[in-house]
There are 2 protein chains.
Amino acid sequence: MRIGVLARAAGVSVPTIRYYESAGLLTPPGRQGGQRIYGGEDLKALRLIRHCRELDFSIDETREILASVQRRLPCSETKTYAEKHLGSIRKKIAELRALEATVAALVSGCEATCSGSAAPDCVILQAGVANCG
Amino acid sequence: MRIGVLARAAGVSVPTIRYYESAGLLTPPGRQGGQRIYGGEDLKALRLIRHCRELDFSIDETREILASVQRRLPCSETKTYAEKHLGSIRKKIAELRALEATVAALVSGCEATCSGSAAPDCVILQAGVANCG
DNA sequence: GCTTGAACCTCAAGTGGCTTGAGGGCGTAG
DNA sequence: CTACGCCCTCAAGCCACTTGAGGTTCAAGC
């Protein structure tokens, strides 16, 4: 299987596969006339990589997951990565919700303060540089 | 005011200020003996930049907001940026919540399937390469 | 006047996870 | 033998900075 076939089979671009190889996720395959030739195991590994990446694991985390799979460690270890990852997802959600509240308050505050009159302070630009109206 | 004083006054690092200048957010100040000398307006501008960045506006958005402030446009235009930004924040929250649900389901599915027995398929590694137990 | 040390300068490279582009080699069909 | 598609490597670009190297300027103490 040449790299283009592998790419289509896994739904990734060709440069992405070469990038994964350079990043140490895919082991360098054999070559024929300088061209990479892949087997079924490579496709399995690539699909697992895509699975991890779609779950938003980082490249480093994905490499660790791959390593533990290849060392045939019990999945309890992989579950630990997933749990840690879940924690960081939840943290990011909390941050974004706080940000959402802040920006929403600015928008509605601007509407209340500035609409219809030449209000001196627009809450959006608390630096005090804004010219409201 | 030299760059270090400005940095402390605005709560940013010195290289960040030089980066903002190179990115076209801060106008290049005058120099004395090759060193940048800032005034009060620069501090105001830098504080507005930090305000925008803390609200997670991109550099490009921040540059547009600064420009509209400096052209003394009504804040209704700035409010438009904020509303657009609010939309993208909410979209990202929705994506992360979907991701959270997926990863949480994987973790609890692994607990249900794999704990105590040598389960053949761990849901976390759907590629089928996992060795559960 | 001299020395020290902090603060300043420019330029380059690193971060993450790829994508895009330049410039050339290989394989196969007509 | 030519044309075309696929492949190769290497370098740069994205974002918003941070870090580091190597050199200059400023302010204070002696």
Side-chain angles (χ1 to χ4, degrees), chain A residues 1-26 28-39 42 45-66 81 84-85 88-89 92 95-96 99, chain B residues 1-26 28-39 42-43 45-66 81 85 88-89 92 95-96 99:
Chain A
M1 185 165 33
R2 289 195 302 172
I3 198 170
V5 179
L6 180 67
R8 276 188 294 278
V12 305
S13 74
V14 167
T16 296
I17 293 175
R18 290 195 276 249
Y19 166 71
Y20 286 158
E21 182 182 322
S22 78
L25 297 188
L26 287 173
R31 303 256 181 155
Q32 281 182 10
Q35 304 196 352
R36 294 170 177 85
I37 302 295
Y38 295 95
D42 297 307
L46 184 52
R47 284 200 170 130
L48 179 53
I49 292 168
R50 287 315 302 167
H51 185 55
C52 290
R53 296 291 303 127
E54 277 158 19
L55 294 176
D56 213 19
F57 283 94
S58 71
I59 290 287
D60 281 353
E61 287 169 324
T62 300
R63 188 168 28 233
E64 288 174 6
I65 291 170
L66 274 169
Y81 291 126
K84 216 162 74 181
H85 186 47
S88 69
I89 292 170
K92 189 161 242 170
E95 288 169 5
L96 279 176
L99 185 60
Chain B
M1 182 164 40
R2 289 196 300 172
I3 198 169
V5 179
L6 181 67
R8 276 187 295 277
V12 304
S13 74
V14 167
T16 296
I17 293 176
R18 290 195 276 249
Y19 167 71
Y20 286 158
E21 183 182 321
S22 76
L25 297 188
L26 287 172
R31 304 256 180 155
Q32 281 181 10
Q35 303 195 353
R36 294 170 176 86
I37 302 296
Y38 295 95
D42 297 307
L43 178 55
L46 183 52
R47 284 201 169 129
L48 179 52
I49 292 168
R50 287 316 302 167
H51 185 55
C52 290
R53 296 290 303 127
E54 277 159 17
L55 294 176
D56 212 19
F57 284 94
S58 71
I59 290 287
D60 281 352
E61 286 169 325
T62 300
R63 189 167 27 233
E64 289 175 7
I65 290 170
L66 274 169
Y81 292 125
H85 186 48
S88 68
I89 292 170
K92 189 160 240 169
E95 287 169 5
L96 280 176
L99 185 61

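Order of the sequence lines sets the chain letters (A, B, ...), proteins ahead of strands, with each chain counted from 1. Computed from a predicted model, the values in this text were never measured in an experiment.
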Whole-Å distance between [N] [atom2] and [X] [atom1]?
{"X": "B/Glu54", "N": "D/dA16", "atom1": "CD", "atom2": "P", "result": "15 Å"}
{"X": "B/Ile3", "N": "C/dA7", "atom1": "CD1", "atom2": "C1'", "result": "11 Å"}
{"X": "B/Ile49", "N": "D/dA16", "atom1": "CD1", "atom2": "C1'", "result": "13 Å"}
{"X": "A/Leu25", "N": "C/dG16", "atom1": "CG", "atom2": "P", "result": "13 Å"}
{"X": "A/Glu21", "N": "D/dC10", "atom1": "CD", "atom2": "C1'", "result": "14 Å"}
{"X": "B/Ile17", "N": "C/dC9", "atom1": "CD1", "atom2": "P", "result": "9 Å"}
{"X": "B/Asp56", "N": "D/dC15", "atom1": "CG", "atom2": "P", "result": "14 Å"}

Minimum heavy-atom separation for [X] to [Y], with atom names?
{"X": "A/Glu61", "Y": "A/Phe57", "value": "OE1-CA, 3.4 Å"}
{"X": "A/Leu26", "Y": "A/Ala45", "value": "CD2-CB, 4.1 Å"}
{"X": "A/Arg63", "Y": "A/Gly24", "value": "CD-O, 3.9 Å"}
{"X": "B/Pro29", "Y": "B/Glu21", "value": "CD-OE1, 3.6 Å"}
{"X": "A/Ala7", "Y": "A/Val14", "value": "CB-CG2, 3.9 Å"}

Of all pairs that satisfy salt bridge (Lys or Arg N to Asp or Glu O under 4.0 Å), the ones with a partner from residues 49-58 of chain B, not counting sequence neighbours: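 Residue pairs with at least one partner in residues 49-58 of chain B: there are none.
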
Reckon A/Arg18 has a side-chain N or O less than 4.0 Å from the OP1 or OP2 of D/dC6? no

Do nucleotides 18-30 of chain C as a string where each nucleotide becomes B, S or -: B if the base has a protein heavy atom under 4.0 Å, S if just the sugar-phosphate does, - if no protein is that close. BSB-----SS---

Between B/Ser58 and A/Arg36, which has a closest nucleotide on DNA chain D that is more 5'? A/Arg36

